[in-house]
Amino acid sequence: MISDKIRDILNEQINKEFYSAYLYLSMSAYFSEIGLYGFSNWARIQSKEEIDHGMVLFEYILGRNSQIHLAQITTPSFDMSSPLAVFEQIYKHERSITAALDSVAITTEGECDLATRNFIDNYLKEQIEEEASVSKIIAKLKAFGAEKSALYLIDKELQEREYSQTSFL
Ligand code: OFO
């Protein structure tokens, strides 16, 4: 069993993960609309991974004999002025998710819930990887993204991303 405080913050985190999935799915649609199918592929896979993250939390709460409370998911909106603008927002978004997970970790410590503290470490490690991979894409877009032929090559590279189920599942 987990405390009510932990239950509530984990349910809030489920909402954030599903919001992330929605956000990435809408970004995937935007990239398809402007013919950047590799970028679209990247965002679509990211969306699937966010659903995994939400579902792992879902199973964890149930597995700890606690309750699921699914809240409304906010409609995503983002600045569509350029691929770079979108990726800068992705980076900002992921930083906010890291901050939310830090709050979950701090709450588990306050509640002396070391099992959940250990569980949430998987998410914190995943965030380090996500922030790093998004930073690299931003760096490439800043260095070469203004050139159409370079953008085409970055798009080709992002087309190669393949979905694999989140490693901590
Ligand atoms: Fe963006 O990764 Fe979920 O937590």
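Read the numbers this way: they start at 1 and go in the same order the structure lists the ligands and their atoms.
Salt bridge present: Lys140 and Glu157 bring a charged side-chain N and a carboxylate O closer than 4.0 Å. Ion pairing between a basic and an acidic side chain is recognised when a charged N comes within 4.0 Å of a carboxylate O; Glu88 and Lys142 show such pairing.
The atom name of the N/O/S atom in His53 closest to atom 3 (Fe) of ligand 1 is ND1. Nearest N, O or S atom of Glu17 to atom 3 (Fe) of ligand 1: atom OE1. As for Glu130, its N/O/S atom nearest atom 1 (Fe) of ligand 1 is the one called OE1.
Not a single N/O/S atom of Glu126, whether from backbone or side chain, sits less than 2.8 Å from atom 3 (Fe) of ligand 1. None of the N, O or S atoms belonging to Glu49 lies under 2.8 Å away from atom 3 (Fe) of ligand 1.
Geometrically, ligand 1 and Gln127 share a nitrogen or oxygen pair separated by less than 3.5 Å.
Under 3.5 Å, the side chains of Tyr60 and Thr116 contain a donor-acceptor pair of N or O atoms.
Aromatic rings of Trp42 and Tyr37 (six-membered ring for Trp) have centroids beyond the 6.0 Å cut-off, not under it.
A donor-acceptor pair under 3.5 Å links the side-chain atoms of Ser26 to the main chain of Leu23, judged by distance alone. Glu49 places no side-chain N or O within 3.5 Å of a backbone atom of Ile45 that could act as its donor or acceptor partner. With Tyr19 contributing its side chain and Thr74 its backbone, the two residues share no donor-acceptor pair below 3.5 Å.
Those atoms of ligand 1 that come under 4.0 Å of a heavy atom in Glu94, given as number and element, are 1 (Fe), 2 (O). Of all the atoms in ligand 1, the ones that sit under 4.0 Å from a non-hydrogen atom of Glu50 are 1 (Fe), 2 (O), 3 (Fe).
Using 4.0 Å as the threshold, Gln13 has no heavy atom nearer than that to any atom of ligand 1.
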